[in-house]
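Bear in mind that the values here come from a model prediction, so they are computed numbers and not experimental data.
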Amino acid sequence: MIELKVNGVRRAYYGDPNMPLLWYLRDEIGLAGTKYGCGVGLCGACIVHVGDSARQSCLTTVADAAGQEVTTIEGLHPDGNHPVQRAWRQHDVPQCGFCQTGQIMQAAALLAENPNPSDEEIVEGMSGAVCRCGTYQRILAAVKTAAEEV
Amino acid sequence: MTRIVNVSRRSMLKGAGGFGALVLGARIVGRPMINAAVAATSVGTGAFEPNVFVSLDTDGSVAIVCHRSEMGQGVRTGLPQIVADEMEADWSRVSVWQAPGDPSRYKYKDNQNTDGSRSIRHHFTIMREMGAQARDLLERAAARQWGVDRGDVYARDHRVHHTGSGRSLGFGELAQAAAELEPAGGDGAPRLKDPSEWKYIGRDLPIVDLYDMTTGGATYGADVRLPGMKIAVVARCPVYRGRAKTFDATEALEVPGVEQVIEIPPLGDRPAEFRPLGGVAVIGANTWSVMQGRGKLKIDWEPGPNESHDTDTYESQLIESARAGGHVIRERGEPDGAFAGAAKVHEADYYVPYFIHTPMEPPVAVVDATRTPVRIWAATQAPNETRQYVAEALGIDQADVACNVTLLGGAFGRKSKPDFAAEAAILSKRVGAPVRMQWTREDEIQQGYYHACCAQNLKAAVDDSGKVTAWRQSAAYPSLMTLWEPERNVGSSLENGLGLVDMPYNAVPNIRIENGEARAHLRIGWYRSVNNIQHAFAMNCFVNELAETTGRDHVELLLELIGEPTNLDLTADGVEDYFNYGDPIADWPIMTGRLSNVLRVAADKSGWGKSLPRGHGLGIACHRSFHSYVATAVHVAVQDDGNFSIPQVDVAVDCGRYVNPDRVRSQMEGATVYGNTVARHGRITTKQGAVEQSNFHDYPISRISDAPLDVRVHIVEDYTDHRPCGVGEPGVPPFAPALANALYQASGKRIRRLPIDTAELART
Ligand code: FES
Ligand code: FES
């Protein structure tokens with residue numbers, strides 16, 4: 001059995017310890033805000049926080065997360081009003097929206113670690129998260145807006 | 001009492017067990033408070049076609065139906081925004097409901113298939129009429145209630161007012177009375193607002209799904225969960241039209257969570273259309289298990305007729321075929337004579353490879369085929385074609401299949417081809433449970449419908465004074481029509497109509513446009529902007545070459561080639577079957593003046609002609625597609641090693657009448673990044689018939705680190721009193737040639753082949 005906490009809720013898991021956290025979150029406990037885009041760590045659609053750091057949940061197994069606090073987009077803020085989420089809405093960032101939960105989780109972790117990033121640091125910090133719709137310039141603007149608040 | 005349950009936008013698709021959308025669909029069409037959908041005057045046929053787009057509750061909440069698919073273009077905001085404006089509804093009280101596939105209700109001049117950049121341009125007027133009918137009924141209900149003249153009442157901001165007395169009633173208070181009235185049609189059809197009265201059309205409104213998309217609450221295809229649902233992945237033959245000779249599922253079935261392994265029959269001799277390719281399906285309790293199980297299948301593939309398809313040799317064949325041409329599709333003047341008598345002839349070959357869509361969300365559908373009607377929840381651009389191919393796969397009537405549309409995590413043309421839903425249906429029927437068919441990224445890249453690779457030969461005759469006197473352009477590419485006609489070996493008027501036969505250099509006196517022959521060895525399918533990509537690339541780069549050859553300024557030469565403003569008449573050049581994006585040429589003519597206009601704006605905004613530091617370049621391109629006119633200017637800064645950055649891009653767009661300018665801008669920003677992928681990353685290759693790429697490591701798409709991050713969109717207002725034109729696609733084609741032209745200026749290296757190889761740009 002593996003114990004972990006997801007969005008503050010204690011969970012026990014009895015299945016395959018090698019199951020990626022992504023599929024545990026989506027299929028086993030129904031948290032669908034974390035997305036599958038590539039399954040091999042190349043797109044960032046699946047980014048969650050494990051402890052304080054952004055992690056690709058497709059590359060993190062449930063066993064890796066044992067005893068840890070996992071935060072998904074659903075748990076980032078109780079009302080969905082984390083400064084990053086508000087900045088995203090202010091700049092009307094999403095197009096299809098599919099990548100955006102991963103982008104937001106990545107940005108929130110980036111700002112938690114570096115509250116005053118330069119443009120270059122934002123670009124580097126966000127470069128693991130692909131947006132096929134091409135919302136990058138708004139992502140950059142939104143991260144800068146959020147940084148003013150964090 | 002009639003009552004519409006007030007469904008907030010957040011509850012889209014979140015009803016019990018995920019059945020929400022269908023129930024909502026049924027509710028909204030079954031029990032409308034106001035039937036504002038008598039569109040007798042608007043269908044063009046004059047026939048009575050009942051449709052329902054608006055519903056109003058007694059508490060004043062308004063639901064507006066969006067009948068086309070949201071895939072990032074903003075349609076769930078744009079279409080309802082039009083209705084709400086004409087209705088005088090207060091946008092903050094509007095929720096948007098997604099329509100299921102239902103041609104009996106949602107088919108007008110156009111269907112529900114969301115592609116071709118058609119949503120606003122084909123539904124702008126209809127949506128206005130829907131809103132106006134609702135407003136008219138509310139106004140008439142108030143007039144009747146007050147016993148006053150119809151002409152003395154007017155709706156504004158969710159209330160109806162009486163001019164004489166100052167009395168007013170809220171929309172909700174009038175809902176029941178309005179429901180008693182017959183909608184006016186024919187001569188009594190309500191007047192539409194004057195554009196000066198619009199309060200939402202033409203204004204930025206945030207997208208309706210913004211909150212859900214930023215909190216994880218938005219429902220995409222893979223997010224639909226049904227009780228007892230199984231998950232499936234399919235192993236398909238790496239070669240198109242191959243099949244599994246034999247397979248051994250023993251080890252796959254040993255993976256915990258894997259429940260069944262089932263064969264989906266191969267295509268056989270049938271045209272591919274949107275049918276499943278066939279293969280071996282692994283079905284189980286969760287996605288991880290079935291992916292593991294699929295990896296353990298032992299399959300002996302029979303590769304079939306396309307085993308020899310190798311892009312290295314195919315590319316050379318296409319280039320030869322383009323040079324040879326042979327199928328003339330447009331001819332003006334005496335091109336042969338002009339070439340023979342030219343002071344100079346300039347010629348070049350261009351090549352664009354296969355691309356694949358890579359929407360962020362791979363194809364996915366959930367189907368419950370255990371009951372009638374069979375129910376589908378799919379990330380689909382085309383809910384009715386989805387019903388059609390699911391019905392075919394199950395051997396049942398399409399009337400017995402219902403299709404709900406989720407949000408689409410990107411689509412770009414891939415999700416108008418519902419093979420994945422048909423797979424889900426076959427498997428659901430076989431296992432007796434609802435099935436989610438999950439395509440992996442590898443499936444998406446290796447088993448897709450590919451953007452046609454294309455070779456082009458361009459040739460221009462130039463006279464002593466530097467005037468271009470003849471233009472020859474020939475394209476060879478596998479046709480997407482081979483989905484229906486597998487033996488077809490030449491392009492179609494549809495594809496040639498995407499910026500080739502309608503080549504806009506109208507001042508050139510001698511023109512020949514032709515096709516060379518090519519056979520298809522993969523499924524070919526439309527991809528955002530389709531063949532416009534290669535046509536715009538080749539012609540815009542070639543004009544840049546001619547500018548150099550003749551010592552002219554590129555913009556000046558382009559303006560000269562486009563010539564005086566006119567409506568291009570292709571019939572005069574013998575073109576009788578010009579596609580024009582499916583629309584009458586009288587309604588959406590090819591207006592060369594609008595092309596010159598956007599070109600001038602982009603040149604001006606980009607500071608065309610300014611002096612640039614060493615290693616920098618400014619390039620430009622313009623193109624008409626989907627009736628819109630877009631010019632893009634790209635500024636590049638190239639380093640000695642050939643790597644480059646894009647400090648600024650200026651996009652000038654004339655899309656006629658527009659609805660939500662922020663979504664026009666976002667589409668142009670996104671199309672620029674999409675163009676960046678086309679120009680720099682995209683390339684699908686095959687060896688022995690099989691696609692060589694598999695995921696984002698070998699099929700990269702633009703990231704924030706290489707994307708243009710200062711894209712300035714200039715919406716050209718001169719033709720906003722003209723019909724709306726497309727927005728989703730037209731921003732893509734001009735980017736790659738503008739970039740290539742900029743790189744030439746910066747590095748002196750000609751780019752005639754995509755993707756751009758930075759190593760070739762290195763200073764030597
Ligand atoms: S799904 Fe995890 S990085 Fe793409
Ligand atoms: S918004 Fe569509 S992939 Fe990013």
Side-chain angles (χ1 to χ4, degrees), chain A residues 15-16 18-20 22-24 26-28 30-40 42-43 45 72-77 79-81 84-86 88-89 92-101 104 119 122-124 126-141, chain B residues 70-74 204 206-207 209-220 222-223 225 231 256-257 285-289 291 358-362 407-412 438 440-441 662 666-667 669-674 676-677 695-697 701-705 707-711:
Chain A
D16 178 0
N18 291 321
M19 182 186 281
L22 167 66
W23 298 117
Y24 168 74
R26 292 188 56 85
D27 288 349
E28 303 294 318
L31 290 175
T34 304
K35 302 299 185 196
Y36 165 75
C38 71
V40 291
L42 293 168
C43 78
T72 69
I73 185 71
E74 291 91 343
L76 183 61
H77 183 276
D79 308 316
N81 284 324
V84 171
Q85 290 171 308
R86 280 189 280 126
W88 243 247
R89 296 198 277 270
D92 248 315
V93 174
Q95 289 185 28
C96 81
F98 193 81
C99 74
Q100 299 296 342
T101 53
I104 288 168
D119 282 18
I122 295 171
V123 165
E124 196 191 317
M126 299 302 295
S127 65
V130 172
C131 175
R132 180 56 159 149
C133 297
T135 61
Y136 297 123
Q137 89 180 36
R138 295 192 192 212
I139 287 173
L140 175 61
Chain B
E70 178 64 66
M71 45 197 177
Q73 80 282 43
D204 290 344
I207 55 172
D209 298 304
L210 190 53
Y211 183 85
D212 287 348
M213 284 177 177
T214 52
T215 53
T219 301
Y220 299 86
D223 304 337
R225 287 163 74 94
I231 318 298
N286 64 69
T287 320
W288 175 239
S289 298
M291 284 178 173
T358 57
M360 220 55 233
E361 170 199 46
L407 289 172
L408 280 58
F412 313 118
Q438 178 69 56
T440 64
R441 177 59 61 200
D662 182 63
S666 67
Q667 282 305 293
E669 293 162 11
T672 298
V673 177
Y674 200 94
N676 195 47
T677 296
N695 208 315
F696 295 132
H697 63 291
I701 55 185
S702 191
R703 290 174 185 269
I704 194 170
S705 43
L709 295 174
D710 187 4
V711 180

Those residues that, when tested against B/E70, pass salt bridge (Lys or Arg N to Asp or Glu O under 4.0 Å) (two or more places apart): none
Could you look at B/Q438 and say if it's the side chain, the backbone, both or neither that has a heavy atom under 4.5 Å from chain A? side chain
Could you check which of B/P359, B/S666, B/G410, B/G74 has the highest count of heavy-atom pairs closer than 4.5 Å to chain A? B/S666
Just how far is it from atom CD of A/E28 to atom OG1 of B/T287, taken to the nearest 0.5 Å? 9.0 Å
Which region of B/L408, side chain (C-beta onward) or backbone (N, CA, C, O), has a non-hydrogen atom less than 4.5 Å from a non-hydrogen atom of chain A, or is it both or neither? backbone
So which part of A/S127 gets closer than 4.5 Å to some heavy atom of chain B, the side chain, the backbone, both or neither? both
Is there a side-chain contact between B/M213 and A/V93 in this structure, where contact means two heavy atoms from C-beta onward sitting under 4.5 Å apart? no
What are the two closest non-hydrogen atoms of A/F98 and B/Y220, and how far apart are they? N-OH, 3.3 Å
So what's closer than 4.5 Å to chain A heavy atoms on B/A222: side chain, backbone, both or neither? both
Check: B/T214 and A/Q100 side chains under 4.5 Å, non-hydrogen atoms: no
Side chains of A/R89 and B/P206 in contact at under 4.5 Å (non-hydrogen atoms): no
Nearest heavy-atom approach of A/Y136 to B/R703 is OH-CA, 3.4 Å
Is the shortest side-chain heavy-atom distance between B/Y674 and A/R132 below 4.5 Å? yes
Quick check against the 3.5 Å criterion: does A/Q137 have a side-chain atom that pairs as donor or acceptor with the backbone of B/V711? yes
Any side-chain heavy atom of A/Y36 within less than 4.5 Å of one from B/T440? yes
Who among A/C99, A/G15, A/G30 has the most heavy-atom pairs with chain B under 4.5 Å? A/G30
Scored by heavy-atom pairs under 4.5 Å with chain B, the best of A/V40, A/I139, A/N81, A/L76 is A/V40
Flag the one option from B/D710, B/I704, B/L709 with the top tally of heavy-atom pairs under 4.5 Å to chain A. B/I704
Verdict with reasoning, B/E361 to A/C96, per side-chain contact (heavy atoms from CB on, under 4.5 Å): CA-CA 10 Å; B/E361 170 199 46; A/C96 81; over 6 Å; no
Any salt bridge linking B/R225 with A/D27? Criterion: basic side-chain nitrogen under 4.0 Å from a carboxylate oxygen. no
B/D223 CG to A/K35 NZ distance, which is reported to the nearest 0.5 Å: 3.0 Å
Between B/F696 and A/G37, what is the shortest heavy-atom contact and its length? CE1-O, 3.9 Å
Heavy atoms, side chains only, cut-off 4.5 Å: are B/N286 and A/M19 in contact? yes
Would you mind telling me which of A/P20, A/A141, A/G128 has the largest number of heavy-atom pairs within less than 4.5 Å of chain B? A/P20
Side-chain heavy-atom pair A/C133, B/M360 within 4.5 angstrom cut-off: no
Partner chain B: residue of A/D16, A/T101, A/D92, A/V123 with the largest heavy-atom pair count (under 4.5 Å): A/D92
Counting only non-hydrogen atoms closer than 4.5 Å, does A/R26 touch chain B with its backbone (N, CA, C, O), its side chain (CB onward), both, or neither? both
Okay, B/T672 and chain A: the region with an atom under 4.5 Å from a heavy atom over there is neither
With chain B, the option among A/G33, A/G97, A/C131, A/A129 that has the most non-hydrogen atom pairs under 4.5 Å is A/G97
Looking only at heavy atoms and a cut-off of under 4.5 Å, which of A/N18, A/T135, A/I73, A/D119 has the most pairs with chain B? A/I73
At a heavy-atom distance under 4.5 Å, which candidate from B/D204, B/D662, B/I207 has the highest pair count against chain A? B/D662
